[in-house]
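Keep in mind that what you see is a predicted model, and the values were worked out from it rather than measured. As the structure lists them, so they are numbered: ligands from 1, and atoms in each ligand from 1.
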Amino acid sequence: MNSHAFVQDRPLDFFWFLPTSGDGRYLGSDRGNRQPDNSYMREIAVASDRLGYDGVLLPTGQFCEDSWITAASVAPFTERLRYLVAIRPGVASPAQYARQAAALDRLSHGRLLLNVVVGGEAKELAVDGVGLGHDERYAHADDFLKIWRALMAGESVDFEGDYLWAKGGGQVFPPVQLPHPPLYIGGSSDAAIELATDHVEMYLTWGEPPAQVAEKIERVRAKAREKGRRLRFGIRLHLIVRETATEAWAEANRLISHLTDASIAAAQQRLAAESDSVGQQRMSALHNGRRDRLEVSPNLWAGVGLVRKGAGTALVGDPETVAERIREYQALGIDTVIASGYPHLEEAYRVAELLFPALGHTVGDRGRAGPQQPEGGHAGFASESGIGAGAAR
Ligand SMILES: Cc1cc2nc3c(=O)[nH]c(=O)nc-3n(C[C@H](O)[C@H](O)[C@H](O)COP(=O)(O)O)c2cc1C
């Protein structure tokens, strides 16, 4: 059995997203916006749990509610859902992050996953007092992870690196997942791939067209092979799934219907000026700020990235077609999808109801559709659009 076959045979892990910087119905408009207050985050987490999502990603950054506090506060209301929260090596010591990770892993009964984020925006990094250049941030993260991993495993350290030092240790309270909760990373630069292949289990990419994802996966695999390691792969994208392709594309256009050429140009200029992220450059290059060529490969739409940094593409279409596109990524070695859609509560339901059956995504013992509806359906739940409209107020 080669490694490729192994990865493809693995059932898909399907994650959703907690929008801790806010949610809404339109990009680039205040209309229909929702604050990321804790009760709303809990609603999405509870829904994701019962619908059969395997986990949720919590982003990190200047404009996000803190991902650790959020995960810790909602985890007790969920049973199976895993929480992918970020470690940012520049903002706290490895020992502090080790204590936090062990505590959250115990509190959630072993449902913690960690996303290593070095950051890519000078302005945001400056707030954290991080002034290192791009590759230095990854070298610093290497020091950080060496100390953090040793401490998580309960070892004492005597480490002096180029950026960090630590002495002593022996973690008092161990995590549930030993030697430590799984590490994920998303970064497209050579420095990111070097770090990934030294330390992490899961390499994440934003939703680029399959050919570009294939090239990236091959680069990571080759580097990992040199080190005698094998990684898993995940993809982060938005989804716009409707019963028909026509409805799905209409929804995609509606989502960006309040954007103007000026707001797109301003967002793109800001990103170009402030970000040194190779991953971000690859996302921005897909559309180059142009609204007329957004389907960058079949059913892959770059409209979200016109004004949103990070994950900028969505798979758009009817359930069977989107499932087929996801299978194309799976065939490349992707075994984890981290998806989202606006607004995140309603779209969590829509994706689970329309796409999971088409994908054959199996749900644990909860969240299955109820018994067959009586003839004529349940009057109270007949109108999905009615429920959505209510929630928007
Ligand atoms: C799935 C995924 C999730 C990410 N989440 C965050 C995040 O929450 N906050 C952040 O600042 N950067 C995030 N990033 C960005 C990267 O972690 C990284 O900092 C950035 O892309 C710079 O690395 P690069 O130049 O190697 O691409 C994410 C990237 C990916 C692929």
Side-chain angles (χ1 to χ4, degrees), residues 13-22 36 55-68 70-71 83-91 113-128 130 132-142 144-145 182-208 212-213 216-217 219-220 223 231-238 271-272 274-286 304-305 308-314 329 334-340:
D13 270 356
F14 211 105
F15 282 42
W16 197 244
F17 184 80
L18 292 190
T20 54
S21 62
V56 280
L57 169 68
L58 295 94
T60 176
Q62 201 184 342
F63 300 104
C64 299
E65 282 282 14
D66 182 78
S67 57
W68 290 76
T70 304
Y83 293 86
L84 177 51
V85 304
I87 279 191
R88 288 194 80 131
V91 308
L113 305 167
L114 295 159
N115 192 21
V116 179
V117 171
V118 303
E121 282 193 38
K123 218 168 158 181
E124 187 171 84
L125 290 160
V127 179
D128 289 329
V130 177
L132 299 172
H134 182 279
D135 286 5
E136 280 182 305
R137 291 199 296 278
Y138 280 105
H140 168 276
D142 181 55
F144 179 99
L145 289 174
L183 291 172
Y184 292 32
I185 195 170
S188 300
S189 57
D190 290 343
I193 292 173
E194 196 69 53
L195 188 77
T197 48
D198 280 335
H199 292 287
V200 314
E201 279 106 287
M202 169 74 80
Y203 178 85
L204 299 172
T205 177
W206 283 315
E208 297 179 9
Q212 292 179 30
V213 170
K216 223 193 247 188
I217 287 179
R219 264 198 295 150
V220 176
K223 181 56 79 177
L231 271 61
R232 292 172 51 205
F233 296 94
I235 194 163
R236 161 92 183 101
L237 3 92
H238 302 270
L271 278 176
E274 290 174 11
S275 171
D276 68 4
S277 156
V278 175
Q280 181 61 54
Q281 286 155 17
R282 289 171 69 111
M283 276 282 106
S284 301
L286 292 178
V304 179
R308 186 198 193 279
K309 65 178 177 180
T313 52
Y329 286 117
I334 297 283
D335 71 37
T336 296
V337 171
I338 304 176
S340 55

- [ ] Verify, without hydrogens or angle tests, whether Y329 (side chain) and G234 (backbone) share a donor-acceptor contact under 3.5 angstrom.
- [x] no

- [ ] Flag the pair V85 / L114 as yes when at least one side-chain heavy-atom distance between them is below 4.5 Å, and no otherwise.
- [x] yes

TODO: Specify the protein heavy atom at minimum distance from atom 26 (O) of ligand 1: its residue, its atom name, and the distance to 0.1 Å.
DONE: S189 OG, 2.6 Å

TODO: Could you list the atoms of ligand 1 found under 4.0 angstrom from a heavy atom of Y138?
DONE: 22 (C), 23 (O), 24 (P), 26 (O)

Open item on the list: Contact between ligand 1 and G310 is defined here as a heavy atom of the residue under 4.0 Å from a ligand atom; is it met?
Closed with: no

TODO: Say whether R88 and ligand 1 are in contact under the criterion: heavy-atom distance to a ligand atom below 4.0 Å.
DONE: yes

TODO: Please say which of I185, D335, L113 ends up in a side-chain contact (heavy atoms from CB on, under 4.5 Å) with M202.
DONE: D335

Open item on the list: Is it the case that the side chain of R137 and the backbone of G119 share a donor-acceptor pair, with hydrogens and angles ignored and the cut-off at 3.5 Å?
Closed with: yes

Task: ligand 1 atoms in contact with G119 (distance to a heavy atom under 4.0 Å) - done: 19 (O)

Open item on the list: Applying side chain to side chain contact (heavy atoms under 4.5 Å, CB included) to L145 and D198, what does each step give before you reach the verdict?
Closed with: CA-CA 10 Å; L145 289 174; D198 280 335; over 6 Å; no

Open item on the list: Side chains of K223 and T197: any donor to acceptor distance under 3.5 Å?
Closed with: no

Enumerate donor-acceptor pairs with a distance under 3.5 Å from any side-chain N or O in residues 58-68 to protein atoms, sequence neighbours excluded.
unit_1 : atom_1 : unit_2 : atom_2 : d
D66    : OD2    : W68    : N      : 3.1
D66    : OD2    : I69    : N      : 2.9
W68    : NE1    : A86    : O      : 2.8

Task: Subset of ligand 1 atoms that lie under 4.0 Å from at least one heavy atom of A192 - done: 26 (O)

Open item on the list: Among all protein heavy atoms in this structure, tell me which lies nearest to atom 12 (N) of ligand 1, with the distance rounded to 0.1 Å.
Closed with: V117 CG1, 3.4 Å

- [ ] May I ask you to check if ligand 1 and T205 share an N or O to N or O distance below 3.5 Å?
- [x] no

TODO: Starting from atom 9 (N) of ligand 1, locate the nearest protein heavy atom and write down its residue, its atom name and how far away it is, to 0.1 Å.
DONE: T60 O, 2.8 Å

TODO: Under 4.0 Å, heavy atoms only, figure out whether ligand 1 is touched by the backbone of H134, its side chain, both or neither.
DONE: side chain

- [ ] Would you mind running through ligand 1 and noting each atom that sits below 4.0 Å from a heavy atom of P59?
- [x] 8 (O)

Open item on the list: Suppose we measure from atom 4 (C) of ligand 1 to each protein heavy atom; which comes out shortest, and what is that distance?
Closed with: N115 ND2, 3.8 Å

Task: Heavy-atom pair with the smallest gap, counting every atom of I193 and R219 - done: CD1-NH1, 3.5 Å

Task: Positive for side-chain contact (heavy atoms from CB on, under 4.5 Å) with T313, one of I235, V304, L286 - done: L286

Open item on the list: Taking 4.0 angstrom as the limit and counting only heavy atoms of L204, give me the atoms of ligand 1 inside it, by number and element.
Closed with: 1 (C), 31 (C)

- [ ] Give the atoms of ligand 1, by number and element, whose distance to some non-hydrogen atom of G279 is under 4.0 Å.
- [x] 27 (O)

Open item on the list: Can you report which non-hydrogen protein atom sits closest to atom 31 (C) of ligand 1, along with the distance?
Closed with: G186 CA, 3.5 Å

Task: Closest protein heavy atom to atom 21 (O) of ligand 1, given as residue, atom name and distance to 0.1 Å - done: S277 OG, 3.0 Å

Task: Within-cut-off N or O pair, V278 and ligand 1, under 3.5 Å - done: yes

Task: Protein contact to atom 28 (C) of ligand 1 [nearest heavy atom, distance to 0.1 Å] - done: W206 CZ2, 3.5 Å

TODO: Return yes when Q281 approaches ligand 1 closer than 4.0 angstrom through a heavy atom, no otherwise.
DONE: no

TODO: Output yes when a side-chain donor or acceptor of E201 lies under 3.5 Å from a complementary backbone atom of L231, and no otherwise.
DONE: no

Open item on the list: Does the residue Y184 have a heavy-atom contact with ligand 1, meaning some pair of atoms that are separated by less than 4.0 Å?
Closed with: no

Open item on the list: Using a plain distance cutoff, I'd like to know if R236 has any nitrogen or oxygen under 3.5 Å from a nitrogen or oxygen of ligand 1.
Closed with: no

Open item on the list: Which heavy atom of Y138 sits nearest to which heavy atom of G187, and what is that distance?
Closed with: OH-CA, 4.0 Å

Open item on the list: Check this for me, if you would: do E124 and K309 make a salt bridge, where the nitrogen-to-carboxylate-oxygen distance has to be below 4.0 angstrom?
Closed with: yes

